[in-house]
Amino acid sequence: MFKKMIVNTKKSYWICLIFIIAICYGFTLTNFSMGIDDEAFSGYFSMHGGLLSQGRWAYIFTKIIFDSYMFLPFWRDFIALLMIALGVTILTKVFQKFSEGLFDTTTSIIYAALMLSFPYIASVFIFMMCTIEIGMITILIALSLYCCFTWLIDKKSIKYLFLGIALLTYATGIGETATVIFISEAFMIMFLNLLKSNNKFNMKSLFIT
């Protein structure tokens, strides 16, 4: 479904997205600087339980499945930007779907610009070990929101809710701020849906959400 949505995205969105990434992260990609945490890069991702003690258990599984924890200037940041761009694009599609057309291409471009230049996301690029993880969180949250609102608004099977919770749980295992981002985006979707839809949320639905 998302593949079809992304293929059907207007060229103007992709052109603007590339331009936004270039002006926001072009200097960062081409002028690498080492942070204090980067000096201990390998130590953080050893199997000695350092990240597990911080409650970031998802890193352990990610390392087994997709081991990118090497000192790779440029490449980690480049891959991270591709993942963040994909996550933001999926988020715009989720907004478009559940706002019943209120969230159009122009709005998507503005939203993408805000997300990509958001200080929290931009500041993470100081620490090379966190960049790809922010991309993973963005994608996981987008998919989680889609699943949860497919259950809540489209009244589909409850399996969508459980899948959404599982995706959010893994995202939280990478970074605890995933929950905050999820809640913020969820209320934005509900607000857009209430503006456009005739099917108003009742208090029970809001409480469950």
Side-chain angles (χ1 to χ4, degrees), residues 2-3 5-7 9-46 50-51 54 56 58-95 105-145 170-178 180-182 184-185:
F2 284 112
K3 181 180 179 180
M5 286 181 176
I6 291 172
V7 169
T9 301
K10 292 184 179 179
K11 289 183 180 179
S12 57
Y13 172 84
W14 295 117
I15 292 170
C16 291
L17 189 71
I18 293 169
F19 178 72
I20 292 163
I21 291 173
I23 61 174
C24 288
Y25 297 97
F27 182 84
T28 301
L29 280 174
T30 54
N31 293 268
F32 178 77
S33 61
M34 182 179 287
I36 189 169
D37 287 336
D38 293 333
E39 296 177 6
F41 193 86
S42 61
Y44 277 103
F45 301 103
S46 66
L51 285 168
Q54 298 176 26
R56 296 181 178 179
Y59 276 80
I60 307 302
F61 294 101
T62 304
K63 189 176 188 299
I64 296 170
I65 299 168
F66 176 63
D67 189 358
S68 69
Y69 301 114
M70 297 170 63
F71 190 74
L72 298 169
F74 176 79
W75 284 110
R76 268 197 136 255
D77 291 351
F78 180 74
I79 293 169
L81 284 170
L82 292 179
M83 295 177 74
I84 293 170
L86 175 62
V88 169
T89 301
I90 296 173
L91 277 170
T92 62
K93 299 304 178 183
V94 174
F95 282 124
T105 300
T106 303
T107 314
S108 297
I109 292 170
I110 295 169
Y111 174 81
L114 290 171
M115 279 290 285
L116 287 164
S117 62
F118 189 65
Y120 172 74
I121 293 175
S123 66
V124 169
F125 278 79
I126 298 172
F127 311 103
M128 185 174 62
M129 66 183 67
C130 301
T131 53
I132 285 180
E133 287 62 42
I134 287 295
M136 291 176 63
I137 286 174
T138 307
I139 293 172
L140 288 168
I141 288 174
L143 296 175
S144 178
L145 286 165
Y170 194 85
T172 307
I174 298 173
E176 56 278 3
T177 50
V180 179
I181 299 170
F182 176 88
S184 300
E185 303 296 308

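Below, all heavy atoms of this structure are taken into account, side chains as well, without hydrogens, waters or symmetry copies.
Separation of atoms CD1 (I181) and CZ (F118) is listed at 8.0 Å; rounding is to 0.5 Å. Distance check, rounded to the nearest 0.5 Å: CG of L17 to OG of S108 gives 10.5 Å. The CD1 atom of I23 lies 13.0 Å from the CD1 atom of I18; values are rounded to the nearest 0.5 Å. To the nearest 0.5 Å, the span separating NZ on K10 from OG1 on T106 amounts to 7.5 Å. Rounding to the nearest 0.5 angstrom, the gap separating the SG atom in C16 from the CD1 atom in I109 is 4.0 Å. Note that CD1 of I141 and CD1 of I90 are 12.0 Å apart. Values are rounded to the nearest 0.5 Å.
Nearest heavy-atom pair across G87 and A142 is O-CB, 3.8 Å. The shortest heavy-atom contact between I132 and A80 is N-CB, 3.6 Å. What you find for T138 and I134 is that their closest heavy atoms are OG1-O, 2.8 Å. Closest of all the heavy-atom pairs between T89 and A85 is OG1-O, 2.7 Å.
With Y13 contributing its side chain and A112 its backbone, the two residues share no donor-acceptor pair below 3.5 Å. T30 places a side-chain N or O within 3.5 Å of a backbone atom of G26 that can act as its donor or acceptor partner.
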Note to self: What verdict does the side chain to side chain contact (heavy atoms under 4.5 Å, CB included) test give for Y111 and L91, after you've listed the backbone C-alpha separation in whole Å, the side-chain angles of each residue and the deciding distance to 0.1 Å?
What the structure shows: CA-CA 9 Å; Y111 174 81; L91 277 170; 3.3 Å; yes
Note to self: The test is side chain to side chain contact (heavy atoms under 4.5 Å, CB included); show your working for I84 and I21 and say whether it passes.
What the structure shows: CA-CA 10 Å; I84 293 170; I21 291 173; over 6 Å; no
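Side chains of Y170 and L140 form a contact here, defined as non-hydrogen atoms less than 4.5 Å apart. F182 is not listed as a side-chain neighbour of T172, based on a closest heavy-atom distance of 4.5 Å or more.
Classification of the F78-W75 ring pair by plane angle, with boundaries at 30° and 60°, yields perpendicular.
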